[in-house]
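Notes for the one structure printed next.
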Amino acid sequence: MRCDLTGEIAFLAARLIAEDGMTNFGAAKRKAARQMGIAEKGLLPDDHEIESALRSHQAIFQNDSQPQECHALRRAAVDVMRWLNRFSPWLVGGVLSGSANRFSRVELEIVTDDTKQLEMFLFNEGRLFETRIERVIRKRPDHTRNDVLIYEISFHECPVTIACYRDHTSRGAHRPRESLKHARAQLMDVEVLPAD
C-alpha cells in the first residue's frame with residue numbers, strides 16, 4: 001500500500017516538475033500529496049524516487065526536448081563555473097543528474113567562511129544578485145540549525161543559484177545522503193559530462 005501511494009505521489013510530483021515548472025522536489029511532493037488528499041508524511045517519496053519518476057516522465061513525454069535543454073544547461077554550468085573558478089564551485093541538482101529541463105536553474109555550491117569576497121566579486125563584475133537564507137533544522141536531539149546563504153544571479157540569461165557553506169561539515173549536515181544534492185561535481189568533471 002505504502003509503495004503504491006508513494007509511487008503515485010512521486011509520479012505526480014514529477015509531472016509538476018516537468019510540465020508546471022516546479023523546481024523544488026520537496027515542494028512538488030508536498031503539493032502532489034495535497035492534490036491526492038494524502039496527509040501522512042511517511043508516504044512522501046524521497047528525492048531518488050522523484051528523480052526516477054521524473055526521468056520516466058521525460059522519456060515518455062519530453063524525449064525530443066529535455067535532453068537538449070539539459071545539455072544547454074550543462075554548457076551554461078561550465079561557463080559559470082569557469083567564471084567563478086576562484087571559489088571552486090561544485091555543481092549539484094538536476095543539471096548534474098541529467099534531469100534538468102527548461103524550468104531548471106544551474107545550482108552551485110561553494111565553501112567559504114567569507115561571503116563578502118563573493119559579493120565583492122559579483123559587484124566588481126557588475127552582476128546583480130539577490131540573497132536569501134535557507135534554514136534547515138535537523139531532526140536530532142540538539143535540533144541543530146543550519147543556515148545557508150543562497151545567492152541568485154543571472155549568467156548569460158541563465159538563472160543560477162549559489163549556496164554558500166561555512167565548511168564541508170556544515171554542508172554534510174545540510175545535505176543528507178538521501179538528497180540528490182548530496183552528489184556534486186567540480187568543473188573538470190562537469191566539462192566531460194555527456195550531452196544527455
Side-chain angles (χ1 to χ4, degrees), residues 17 21-28 47-48 50-51 54 66-138 144-196:
I17 293 164
M22 292 195 79
T23 57
N24 182 291
F25 278 28
D47 285 359
H48 295 285
I50 295 173
E51 173 83 1
L54 179 57
Q66 187 273 333
Q68 291 81 14
E69 293 164 355
C70 185
H71 181 62
L73 285 166
R74 283 181 172 174
R75 285 195 318 263
V78 167
D79 290 344
V80 73
M81 291 176 81
R82 286 177 179 159
W83 179 66
L84 290 170
N85 194 43
R86 69 176 66 180
F87 300 101
S88 301
W90 298 80
L91 179 66
V92 298
V95 176
L96 176 60
S97 72
S99 65
N101 63 19
R102 68 186 185 278
F103 300 116
S104 301
R105 314 176 139 264
V106 171
E107 297 175 79
L108 302 175
E109 294 180 346
I110 64 171
V111 175
T112 179
D113 58 359
D114 185 5
T115 55
K116 293 298 178 196
Q117 287 184 11
L118 176 62
E119 290 184 10
M120 288 306 300
F121 175 77
L122 296 174
F123 276 127
N124 291 336
E125 292 285 312
R127 195 72 56 176
L128 298 175
F129 61 87
E130 293 182 8
T131 60
R132 62 183 164 84
I133 300 287
E134 196 172 286
R135 290 191 165 91
V136 174
I137 299 176
R138 306 298 300 158
T144 306
R145 191 173 105 181
N146 296 292
D147 292 348
V148 180
L149 183 59
I150 309 288
Y151 289 82
E152 297 181 357
I153 66 170
S154 178
F155 188 82
H156 301 311
E157 300 181 8
C158 179
V160 177
T161 60
I162 306 165
C164 297
Y165 294 92
R166 289 184 307 277
D167 51 45
H168 291 282
T169 303
S170 65
R171 180 199 180 266
H174 188 78
R175 298 287 189 212
R177 290 203 177 272
E178 64 271 12
S179 167
L180 280 176
K181 291 184 181 178
H182 187 80
R184 61 184 181 169
Q186 287 191 303
L187 176 60
M188 63 183 183
D189 300 313
V190 178
E191 288 173 325
V192 297
L193 284 174
D196 61 348

| field | Glu125: side chain to side chain donor-acceptor pair (under 3.5 Å) partners, not counting sequence neighbours | value | Trp83
| query | Hey, are the side chains of Leu84 and Ile162 touching, using non-hydrogen atoms and a 4.5 Å cut-off? | reply | yes
| query | Does some side-chain heavy atom of Arg74 sit less than 4.5 Å from a side-chain heavy atom of Cys70? | reply | yes
| said: Determine whether a donor-acceptor pair (N or O, by modelled atom type, separation under 3.5 Å) exists between the side chain of Glu107 and the backbone of Ala163. | reply: no
| note | Between Ala27 and Asn24, the two heavy atoms sitting closest are N-OD1, 2.7 Å
| request: Check whether any side-chain heavy atom of Val160 lies under 4.5 Å from a side-chain heavy atom of Glu152, and answer yes or no. | output: no
| said: Using 0.5 Å steps for rounding, measure from the CZ atom of Arg105 to the CG atom of Leu73. | reply: 11.0 Å
| What residue pairs, at least two apart or across chains, pass side chain to side chain donor-acceptor pair (under 3.5 Å) with a residue in residues 154-164? | none
| task | Would you indicate whether the side-chain heavy atoms of Val148 and Ile133 approach each other to under 4.5 Å? | result | no
| query | Roughly how far, to the nearest 0.5 Å, is CD of Gln186 from CH2 of Trp90? | reply | 3.5 Å
| Arg127: salt bridge (charged side-chain N to carboxylate O under 4.0 Å, His left out) partners, not counting sequence neighbours | none
| query | Quick one: are Gln117 and Asp114 in side-chain contact, heavy atoms under 4.5 Å? | reply | yes
| task | Indicate yes or no: at least one non-hydrogen side-chain atom of Leu108 is less than 4.5 angstrom from one of Val92. | result | no
| So, do Cys158 and Val80 sit near enough that their side-chain heavy atoms are less than 4.5 Å apart? | no
| query | Under 3.5 Å, is there a donor-acceptor pair between the side chain of Gln66 and the main chain of Ala100? | reply | yes
| task | Mind running side chain to side chain contact (heavy atoms under 4.5 Å, CB included) on Phe155 and Val106 for me, showing each step along the way? | result | CA-CA 10 Å; Phe155 188 82; Val106 171; over 6 Å; no
| task | To the nearest 0.5 angstrom, please state how far the CG atom of Leu118 sits from the CZ atom of Phe129. | result | 7.5 Å
| field | Derivation of the side chain to side chain contact (heavy atoms under 4.5 Å, CB included) call for Phe87 and Thr112 | value | CA-CA 8 Å; Phe87 300 101; Thr112 179; 5.7 Å; no
| query | In chain order, what residues pass the side chain to side chain donor-acceptor pair (under 3.5 Å) check against Arg102, with sequence neighbours excluded? | reply | none
| field | 4.5 Å side-chain heavy-atom contact, Ile17 and Phe25 | value | yes
| task | If a pair satisfies salt bridge (Lys or Arg N to Asp or Glu O under 4.0 Å) and one of its residues is in residues 81-93, list it, with sequence neighbours excluded. | result | Arg82-Glu191
| query | What distance do Leu149 atom CG and Cys164 atom SG have between them, rounded to the nearest 0.5 Å? | reply | 5.5 Å
| message | Does this structure show an ion pair linking Arg132 with Glu130, if we count only N-O contacts that are shorter than 4.0 Å? | response | no
| message | Tell me whether Phe123 at atom CZ has more than 12 heavy atoms from other residues, nucleotides or ligands lying less than 6.0 Å away. | response | no
| Considering residues at least two apart in sequence or located in another chain, which fulfil the side chain to side chain contact (heavy atoms under 4.5 Å, CB included) criterion with Leu128? | none
| What is the minimum heavy-atom distance between Leu187 and Asn85, and which atoms define it? | CD2-OD1, 4.1 Å
| Given Ile150 and Thr131, is the side chain to side chain contact (heavy atoms under 4.5 Å, CB included) satisfied, shown in steps? | CA-CA 5 Å; Ile150 309 288; Thr131 60; over 6 Å; no
| Judged by atom type as modelled, is there a donor-acceptor pair below 3.5 Å linking the side chain of Asp189 to the main-chain atoms of Ala185? | no
